[in-house]
Amino acid sequence: MKRKWEVIVGIIGGILALVFFGGLAVTLKKMSVKDFETSYQALKLEKTGTLDNTFHLLQDMTGLFAITLFISLIFLVVAVFFSIKEKYLIIAASLYLVAGLILLLGTQFIAFPFTFFYFMAAVLTVYRIKIKKGQVGNV
């Protein structure tokens, strides 16, 4: 496998996003309102409404995060597959970018540290394609 850096960087981003957003979604989905009240007392602000309303809004938001994470991981897996096979590398780079954009926009820019890895994998893929063709450094 000659494209190990692209694959490693993409997988690191996917694992970090999965652990963070997957863990957040599972934790809030299994939590009751009473547990939320005792655990997250700092989130109870007077201007945001009731604690019950805040809890349900956070549950809905993490549901959206989980769906977004699932869709972006599908694109990431296909991109990693293309990178490992070293076929359709431009498509692989595009899929890394699409996976990053889906995760970034779907999480309302909260996931920008994780999408950095996706974008870095796309840049590495394109850069190494240009090195292979001898286009880097020739101006």
Shared hydrophobic cluster for [X] and [Y] (ILVMFWY, side-chain gaps under 4.5 Å):
X: Val7; Y: Leu16; result: yes
X: Val77; Y: Ile102; result: no
X: Leu18; Y: Ile67; result: no
X: Tyr88; Y: Leu97; result: no
X: Leu103; Y: Ile71; result: no

So, do [X] and [Y] sit near enough that their side-chain heavy atoms are less than 4.5 Å apart?
X: Glu6; Y: Met120; value: no
X: Phe82; Y: Leu89; value: no
X: Phe112; Y: Thr107; value: no

Ring centroid separation Tyr118 to Tyr96 under 6.0 Å: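 Judged by ring-centre distance (under 6.0 Å), Tyr118 and Tyr96 do not meet the cut-off.
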Distance (rounded to the nearest 0.5 Å) between Ser83 OG and Leu124 CG: 10.0 Å
Nearest-0.5 Å distance, OG1 of residue Thr62 to CE of residue Met31: 10.0 Å
Tell me the closest heavy-atom pair linking [X] and [Y], and the distance in Å.
X: Ala93; Y: Val126; answer: CB-CG2, 3.7 Å
X: Leu64; Y: Gly106; answer: CD2-O, 3.8 Å
X: Lys4; Y: Arg128; answer: N-NH1, 4.4 Å

Criterion side chain to side chain contact (heavy atoms under 4.5 Å, CB included) on Leu95 and Leu76, from CA distance to verdict: CA-CA 7 Å; Leu95 289 174; Leu76 179 68; over 6 Å; no
Plane angle bin for Phe21 and Phe65 - parallel if under 30°, tilted between 30 and 60°, otherwise perpendicular: perpendicular
Ring geometry between Phe114 and Phe20 (parallel below 30°, tilted from 30 to 60°, perpendicular above 60°):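 If you compare the ring of Phe20 with that of Phe114, the planes turn out tilted.
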Heavy atoms of other groups near Phe75 CZ, more than 12 under 6.0 Å: no
Phe116 atom CZ: more than 12 heavy-atom contacts under 6.0 Å: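 Atom CZ in Phe116 is not packed in, count stays at 12 or less.
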Qualifying residue, where the test is side-chain contact (heavy atoms from CB on, under 4.5 Å) with Leu24 and the options are Val26, Thr27, Leu28: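 Only one option passes, and that is Leu28.
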